[in-house]
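Here's the structure, in structure tokens; my notes come after.
From a predicted model like this one, the values you see are computed outputs, not experimental measurements.
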Amino acid sequence: MNDLFSLAGKRALVTGGAQGLGRMIAQGLLGAGAEVAITSRDPETCSAAAREMASLGTCHALPADLSTPEAAVDLAHRANETLGGCDILINNAGRTWGGPIESFPDKAWGSVLGVNVQIPFTLVRELLPALESAGSADDPSRVINIGSIAGLKPEGLQAYSYGASKAAIHMLTRDLASDLANRNITVNALVPGYFPTKMTKHLRDGDTVDPALLAKIPLNRLGNPDDVAAATIFLCARGGAYVTGVLLPVDGGIAGSG
């Protein structure tokens, strides 16, 4: 049974894996036996996170500012060299922008859509030979895109370009899953709800969470690292080998609450 959820011998790239949700995912992959490379825009943050997670397994720091397609191409090359191939790609790095519609700027669109949609596509394209080489019919390579509940239903966040970008990455996930199935690559999306990250800092005071937010979550709590790590491990391990093109909410029931 343990083999269903083992990632021993697997090589994973987690963008934005030094902090927040990406770090929760990276720690889960390491704990399941994978060798992991993480990225962050800040080299010091990236290196420190890799050192801290080294107690769980082999973790490489690959600093990268993924604000341009050229940077994504460079990262794919460095990741392939560092890991000696790629079995798992986690497209987690993202950008957001919030504000009232009256003052929401045009510059909030190109940068958010670029990082949240174009960069994941570019990384898949550039890592395609490595992913295809690593996968087999019984054990495909895996791509997981990180979506958001904000891409499924209005959340009142006034983050217009962010919500649109997450809806787009959900659709891109389905397109890629269809196109890459015959290459032994599965493509799925995790759809997180609210977790204790920088994006929810304004809704928390230490361990106290805004009651209005908790009222929106049927399970009445924020997600924790195990919640997102377990979902990721399932999709990446043998137990999830027959799953592709799926948007998997990890949100405490928000998506199904109407």
Leu180 side chain reached by Leu131 side chain, heavy atoms, under 4.5 Å: no
Ser141 and Cys86: which non-hydrogen atoms are nearest, and at how many Å? OG-O, 4.2 Å
Within-4.5 Å side-chain heavy-atom neighbours: Leu29 and Leu56: no
For Val143, does its backbone N or O pair with a side-chain atom of Asn188 as donor and acceptor, under 3.5 Å? no
More than 12 heavy atoms of other groups within 6.0 Å of Glu44 CD: no
Please report the shortest heavy-atom distance between Ala231 and Leu248, naming the atom on each side. CB-CD2, 4.1 Å
Distance from Thr244 atom OG1 to Tyr242 atom OH, nearest 0.5 Å? 11.5 Å
For the hydrophobic clusters of this structure (ILVMFWY residues joined by side-chain heavy atoms under 4.5 Å, transitively), does one cluster hold both Phe234 and Leu4? yes
Do His60 and Leu83 come within less than 4.5 Å of each other through their side chains, counting heavy atoms only? yes
Count I, L, V, M, F, W, Y as connected when their side-chain heavy atoms are under 4.5 Å apart, and connections chain through other members. Are Val73 and Leu89 then in the same cluster? no
When rounded to the nearest 0.5 angstrom, what distance separates NZ in Lys166 from OG in Ser161? 11.5 Å
Transitively linked via ILVMFWY side-chain contacts under 4.5 Å: Leu75 with Val115? no
Please determine if Arg11 and Asp87 form a salt bridge, counting it only when a charged side-chain N lies under 4.0 Å from a carboxylate O. yes
Out of Asn145, Ile146, Thr173, Leu152, which residue meets the side chain to side chain contact (heavy atoms under 4.5 Å, CB included) rule with Val191? Leu152
Going by the angle between their ring planes, with limits at 30° and 60°, are Trp97 and Phe104 parallel, tilted or perpendicular? perpendicular
Heavy-atom side-chain contact between Cys236 and Ile90 under 4.5 Å: yes
Candidate list Thr39, Ile88, Ile38, test side chain to side chain contact (heavy atoms under 4.5 Å, CB included), partner Leu13, passing option: Thr39
Taking everything shown except Arg95 itself, do over 12 heavy atoms lie less than 6.0 Å from its CZ? yes
Kindly compute the distance separating CG (Leu222) from CG (Asp251), expressed to the nearest 0.5 Å. 12.0 Å
For residues Pro120 and Ile169, determine if any side-chain heavy atom of one lies less than 4.5 Å from a side-chain heavy atom of the other. yes
I need the Asn92 CG to Thr15 OG1 distance, nearest 0.5 Å. 5.5 Å
Of the options Leu21, Leu190, Thr232, which is the one that meets Val250 in a side chain to side chain contact (heavy atoms under 4.5 Å, CB included)? Leu190
Do Ser67 and Asp65 pass the side chain to side chain donor-acceptor pair (under 3.5 Å) test, and can you show the C-alpha distance, the side-chain angles, and the key distance before you say yes or no? CA-CA 6 Å; Ser67 57; Asp65 181 353; 3.2 Å; yes
Looking only at non-hydrogen atoms, find the nearest pair between Ala229 and Gly28 and report the distance. CB-CA, 3.8 Å
Measure the CZ-OG1 distance between Arg23 and Thr45 for me, rounded to the nearest 0.5 Å. 10.0 Å
Pair Asp210 + Lys216, salt bridge at N-O below 4.0 Å: no
Less than 4.0 angstrom from a charged side-chain N to a carboxylate O is my criterion; do Glu132 and Arg183 meet it? yes
For Ala150 versus Tyr162, what's the shortest heavy-atom pair and its separation? CB-CE2, 4.0 Å
Are Val187 and Met171 co-members of a hydrophobic cluster defined by side-chain heavy atoms under 4.5 Å apart? no
Check whether any side-chain N or O of Arg78 sits under 3.5 Å from a backbone N or O of Ala76 as a donor-acceptor pair, and report yes or no. no
Classify the side-chain pair Asp138/Ser136 by whether it contains a donor and acceptor separated by less than 3.5 Å. no
For Ala72 and Thr122, the nearest pair of non-hydrogen atoms, with its separation, is CB-CG2, 3.8 Å
Can you tell me how far apart SG (Cys59) and CD (Gln27) are? Round to the nearest 0.5 Å. 9.0 Å
I want to check something: taking the side chain as every heavy atom from C-beta on, are Arg142 and Pro140 in contact at a cut-off of under 4.5 Å? yes
With a 3.5 Å distance limit and no angle check, can you tell me whether Ser257 reaches the backbone of Ile254 through a side-chain donor-acceptor pair? yes
Please tell me if the side chains of Leu113 and Gln118 come closer than 4.5 Å, counting only heavy atoms from C-beta onward. no
Testing the 3.5 Å rule here: is there a donor-acceptor pair between the side chains of Glu155 and Tyr194? yes
Is Leu30 reachable from Ile144 through a run of hydrophobic residues whose side-chain heavy atoms are each under 4.5 Å from the next? yes
Keeping the roles fixed (side chain from His170, backbone from Ser148), state whether a donor-acceptor pair exists under 3.5 Å. yes
Exercise: identify the closest heavy-atom pair between Ala255 and Lys153: CA-CD, 4.5 Å
Ionic contact status for Arg174 with Asp179, cut-off 4.0 Å: no
Taking side chain as C-beta onward, heavy atoms only, is Arg221 less than 4.5 Å from Val209? no
